[in-house]
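The model shown is predicted, which means the values in this text are computed figures rather than measured ones.
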Amino acid sequence: MHSFGYRANALLTFAVTILALMCAMASISDNLNHPTPTSQVQVLNINWFQKQPNGNDEVSMTMNISADLQSLFTWNTKQVFVFLAAEYGTPKNSLNQISLWDGIIPTKEHAKFWIHTSNKYRFIDQGSNLRGKEFNLTLHWHVMPKTGKMFADKIVMSGYRLPQEYR
């Protein structure tokens, strides 16, 4: 007959196979969710816009950030990492991205928010390319599941412009 070790091995192998199959089905079921997040950013004030001693431009601004990311949450969502970036082009680089604010959303209840804030991270351009520059504010998010692969997406909000003169 079969020994105890052989039977334990067969049972463990069967259990791990079923667990892997359940994880795969859970990951596939997340593909059936089609989220519809919304976001809006209002730049209330340019606090300062100055040229640093080393020649780089620096901007500080006050913003209202509102978003409804509740549709990103499913039963398989562990948390969502979200950040707001300023994106613009210069002659040297076709795309510059500067993170202005970020946060971690742990639950669906926290996924609808409104924040009044100044940029959390410094908005600095390497050079003096920001005067009168048009830029986009882009809300990026990364959904971290309990099982399966992460996915990321974004909402691009255009129509922002920096002043022509330093303040």
Quick one: are [X] and [Y] in side-chain contact, heavy atoms under 4.5 Å?
{"X": "Arg167", "Y": "Ile46", "answer": "yes"}
{"X": "Met157", "Y": "Ser39", "answer": "yes"}
{"X": "Leu130", "Y": "Phe135", "answer": "no"}
{"X": "Val143", "Y": "Met150", "answer": "no"}
{"X": "Pro106", "Y": "His110", "answer": "yes"}

Going hydrophobic residue to hydrophobic residue with side-chain gaps under 4.5 angstrom, can you get from [X] over to [Y]?
{"X": "Leu72", "Y": "Ile155", "value": "yes"}
{"X": "Leu100", "Y": "Phe113", "value": "yes"}
{"X": "Ile115", "Y": "Leu139", "value": "yes"}

Q: Verify salt bridge (charged side-chain N to carboxylate O under 4.0 Å, His left out) between Glu165 and Arg131, making sure each step is shown before the conclusion.
A: CA-CA 6 Å; Glu165 301 299 321; Arg131 285 183 293 168; 5.4 Å; no

Q: Using the ring pair (Phe, Tyr, Trp, His ring centres under 6.0 Å) rule, collect all pairs that involve residues 14-61, keeping only residues at least two apart or in two chains.
A: Phe49-Tyr166

Q) Run the side-chain hydrogen bond (donor to acceptor under 3.5 Å, both in side chains) check on Asn47 and Thr62 step by step: do they pass? A) CA-CA 7 Å; Asn47 301 328; Thr62 303; 3.0 Å; yes

(Q) Which heavy atom of Gln164 sits nearest to which heavy atom of Gly132, and what is that distance? (A) NE2-CA, 3.6 Å

Q | Closest non-hydrogen atom pair, Gly159 against Asn136 | A | N-OD1, 4.3 Å

For a quick test of your reading: what N or O donor-acceptor pairs under 3.5 Å do the side chains of residues 81-92 make, sequence neighbours left out?
residue	atom	partner	partner atom	Å
Glu87	OE1	Thr138	OG1	3.0
Glu87	OE2	Gln97	NE2	2.6
Glu87	OE2	His140	NE2	3.1
Tyr88	OH	Asp125	OD1	2.7
Thr90	OG1	Asn93	N	3.1
Thr90	OG1	Asn93	O	3.2
Thr90	OG1	Asn96	ND2	3.3

Q: Please check if the side chain of Asp68 supplies one atom and the backbone of Gln70 the other of a donor-acceptor pair under 3.5 Å.
A: yes

Q. With no hydrogens and no angle check, is any side-chain donor or acceptor of Thr77 less than 3.5 Å from a backbone partner on Gln79?
A. no

Q. Who passes side-chain contact (heavy atoms from CB on, under 4.5 Å) against Ser94, sequence neighbours left out?
A. none

Which value, rounded to the nearest 0.5 Å, describes the distance between [X] atom [atom1] and [Y] atom [atom2]?
{"X": "Ser118", "Y": "Met63", "atom1": "OG", "atom2": "CE", "result": "7.0 Å"}
{"X": "Trp114", "Y": "Gln40", "atom1": "CH2", "atom2": "CD", "result": "12.0 Å"}
{"X": "Thr17", "Y": "Met22", "atom1": "OG1", "atom2": "CE", "result": "13.0 Å"}
{"X": "Leu69", "Y": "Ser71", "atom1": "CG", "atom2": "OG", "result": "7.0 Å"}
{"X": "Trp101", "Y": "Leu137", "atom1": "CH2", "atom2": "CG", "result": "12.5 Å"}

Q. Run the side-chain contact (heavy atoms from CB on, under 4.5 Å) check on Trp141 and Ile105 step by step: do they pass?
A. CA-CA 10 Å; Trp141 60 85; Ile105 303 171; over 6 Å; no

Q.
Other members of the hydrophobic cluster containing Trp75, with the 4.5 Å side-chain heavy-atom rule, please.
A. none

Q) Step by step, would you call Asp102 with Lys120 a salt bridge (charged side-chain N to carboxylate O under 4.0 Å, His left out)? A) CA-CA 8 Å; Asp102 65 6; Lys120 186 175 177 182; 2.7 Å; yes

Q. What residues form a side-chain hydrogen bond (donor to acceptor under 3.5 Å, both in side chains) with Asn119, not counting sequence neighbours?
A. none

Q) In chain order, what residues pass the salt bridge (Lys or Arg N to Asp or Glu O under 4.0 Å) check against Arg161, with sequence neighbours excluded? A) Glu134

